[in-house]
Structure formats: C-alpha cells, structure tokens
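A short worksheet on the structure shown next.
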Amino acid sequence: LAKTTQPISMDSYEGQEVNITCSHNNIATNDYITWYQQFPSQGPRFIIQGYKTKVTNEVASLFIPADRKSSTLSLPRVSLSDTAVYYCLMTFGGNTPLVFGKGTRLSVIA
Amino acid sequence: DAGVTQSPTHLIKTRGQQVTLRCSPKSGHDTVSWYQQALGQGPQFIFQYYEEEERQRGNFPDRFSGHQFPNYSSELNVNALLLGDSALYLCASRPNTYTGELFFGEGSRLTVL
C-alpha cells in the first residue's frame, strides 16, 4: 500500500475551518483514500472515504485532485470536541489490513 | 445495536505472565482483527480472523496468538509478556462485504510491569 505523509500536528481556533493534507505519491489504482479520527484512549472512528474528486458527509469533506497523489480532509467550523488525532490511510478492500501512520494531532483552542 | 465491545478495559501484568483479551464484534460482522497501539503511535496490525481461522498476520512474534469462536467473538493471547507489550490493544470488526470501514472497540489498556 502507498505510504502516506501528513503533518504531525496542527492548531486551530474554535469556529475555523481546518484542512489537513495527506500526500500519497505512490497511490495504486485500486486504493481508496480513507480518514479515521481517534480520541485519547478510544479506538479510531471512520470519518470519510473517497476515490476521486470530492466527497462530503455530515462530518467532513474530502478533496482529491485528479492525479490522486494527495488529499485534503476539511473540517468545517471546528469545536473543542474535534481535538483528536486524524489518520489518512489507503484502503484496498478485501482482506488488506489498515496501515496507520502517526497521524495528525489536531488541537482546537477556545 | 451494541458496537464492538472489549474486555477487560484495563489490566496490569508482570513480565513473563500471560494475558487473554476478549472482543465481541458488532452485530452482523464476521471478520475480526486486532491492533496494538503504543503510546504516541498509530495502531499496528496484529492479525485478522474470519471463519475461525487466522487469515492475515502482521509482523508480530508467535507469542501473540488468537482465536475466533463460532459466534464470531475473538480472543487475543499474549504469552511471556515483555515490558514492550504495554499498549492499547484494539479489536475491530467488519462485515464480509467490506466497504473500507472498520469498527473499532475502545480497547484494552495493558500495562506490563
């Protein structure tokens, strides 16, 4: 699976939009781009998944350019409860296990 | 509908001991995987069970073993505990028709002294 690179940490004020970019230069044709969120002492939680262009759900948006070598997770109007670690992963499906990096630690400040 | 449940939530062991962690998957899910998460790191894949057999395994020694029961619940066993085995152990489940979404439990926090 393609290696992913994302910032180690980010800070934001409440109410701002936060964009976390992930690089995946060696993404394979069959890879989907998937983001998970993890709060301290809890298991990761699926946020959003996409293959190309833009995907939006009630929690976030995911922007994927045409070359698919990067992706951006957008969190609108963050609150203190969005403070968490966000992981960008490539998922292939089938029995391929998830490969987590260190993620991006987002701190939301009042 | 209960999600993935794990037990115990916390436990303390000493070096050389053995530990068993338990997981009940989300209703309707038949595939269970286990991950180890050390402090400050992302979760690392240990192994995955489907139809009561280990289907895939990550880079973990044979001290780590598992089992899946006919009701799809699963156990993770770790023998001859080392200090470095201290971590959060996460169980995740998914249905056979995989969409890329894994459902994780809240984990079992193991401390080895």
Side-chain angles (χ1 to χ4, degrees), chain A residues 1-9 20 22 24 27-28 30-52 55 57-60 62 64 71 73 84-107, chain B residues 3-10 21 23-26 29-51 53-60 66 87-111:
Chain A
L1 290 172
K3 179 180 162 77
T4 60
T5 303
Q6 51 183 124
I8 296 294
S9 64
I20 306 174
C22 178
H24 28 82
I27 187 169
N30 293 330
D31 285 339
Y32 281 74
I33 299 157
T34 307
W35 287 79
Y36 279 77
Q37 173 193 56
Q38 186 177 26
F39 298 112
S41 296
Q42 292 188 25
R45 183 176 72 102
F46 174 93
I47 302 176
I48 197 166
Q49 180 184 67
Y51 186 81
K52 60 181 178 180
V55 180
N57 62 22
E58 65 278 4
V59 176
L62 179 59
I64 306 168
S71 58
L73 175 73
V85 178
Y86 293 82
Y87 297 97
C88 165
L89 301 93
M90 303 295 101
T91 56
F92 176 66
N95 288 321
T96 307
L98 299 185
V99 178
F100 289 84
K102 291 189 177 182
T104 297
R105 186 170 301 275
L106 172 65
S107 297
Chain B
V4 178
T5 58
Q6 294 186 240
S7 64
T9 54
H10 296 82
L21 308 178
C23 171
S24 292
K26 184 176 168 64
H29 290 186
D30 58 7
T31 301
V32 173
S33 52
W34 287 90
Y35 287 77
Q36 180 197 63
Q37 186 172 26
L39 206 59
Q41 304 295 316
Q44 301 299 304
F45 174 73
I46 303 175
F47 41 53
Q48 177 174 282
Y49 277 84
Y50 171 68
E51 291 187 335
E53 288 191 15
E54 181 183 296
R55 300 292 178 170
Q56 282 211 312
R57 188 177 183 93
N59 188 26
F60 280 81
L88 180 67
Y89 288 85
L90 296 161
C91 172
S93 73
R94 65 170 177 86
N96 193 23
T97 50
Y98 184 45
T99 61
E101 180 177 359
L102 280 187
F103 294 79
F104 285 84
E106 297 206 344
S108 294
R109 170 75 61 189
L110 171 65
T111 301

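Chain naming here is simple, since letters A, B, ... match the order of the sequence lines and numbering starts at 1 in each.
- Using a 4.5 Å heavy-atom threshold, the side chains of Leu98(A) and Phe45(B) count as separate.
- Only the side chain of Gln44(B) has a heavy atom closer than 4.5 Å to any heavy atom of chain A.
- At a 4.5 Å heavy-atom cutoff, the contact between Leu102(B) and chain A is made by backbone and side-chain atoms alike.
- Side-chain N or O atoms of Asp30(B) include none that pairs as donor or acceptor with a backbone N or O of Glu51(B) at under 3.5 Å.
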Quick one: do Ser33(B) and Gln48(B) satisfy side-chain hydrogen bond (donor to acceptor under 3.5 Å, both in side chains)? Show the steps, please.
CA-CA 4 Å; Ser33(B) 52; Gln48(B) 177 174 282; 4.6 Å; no

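- Of the possible polar contacts, none joining the Gln38(A) side chain to the Pro43(B) backbone as a donor-acceptor pair under 3.5 Å is found.
- Of the possible donor and acceptor atoms, one in the side chain of Ser108(B) sits under 3.5 Å from a partner among the backbone N and O of Pro8(B).
- Residue Tyr32(A) does not touch chain B at all, counting heavy-atom pairs closer than 4.5 Å.
- Residue contact with chain B, scored on non-hydrogen atoms closer than 4.5 Å, involves the side chain of Tyr36(A) exclusively.
- With a 4.5 angstrom heavy-atom cutoff, Tyr35(B) touches chain A only via side-chain atoms.
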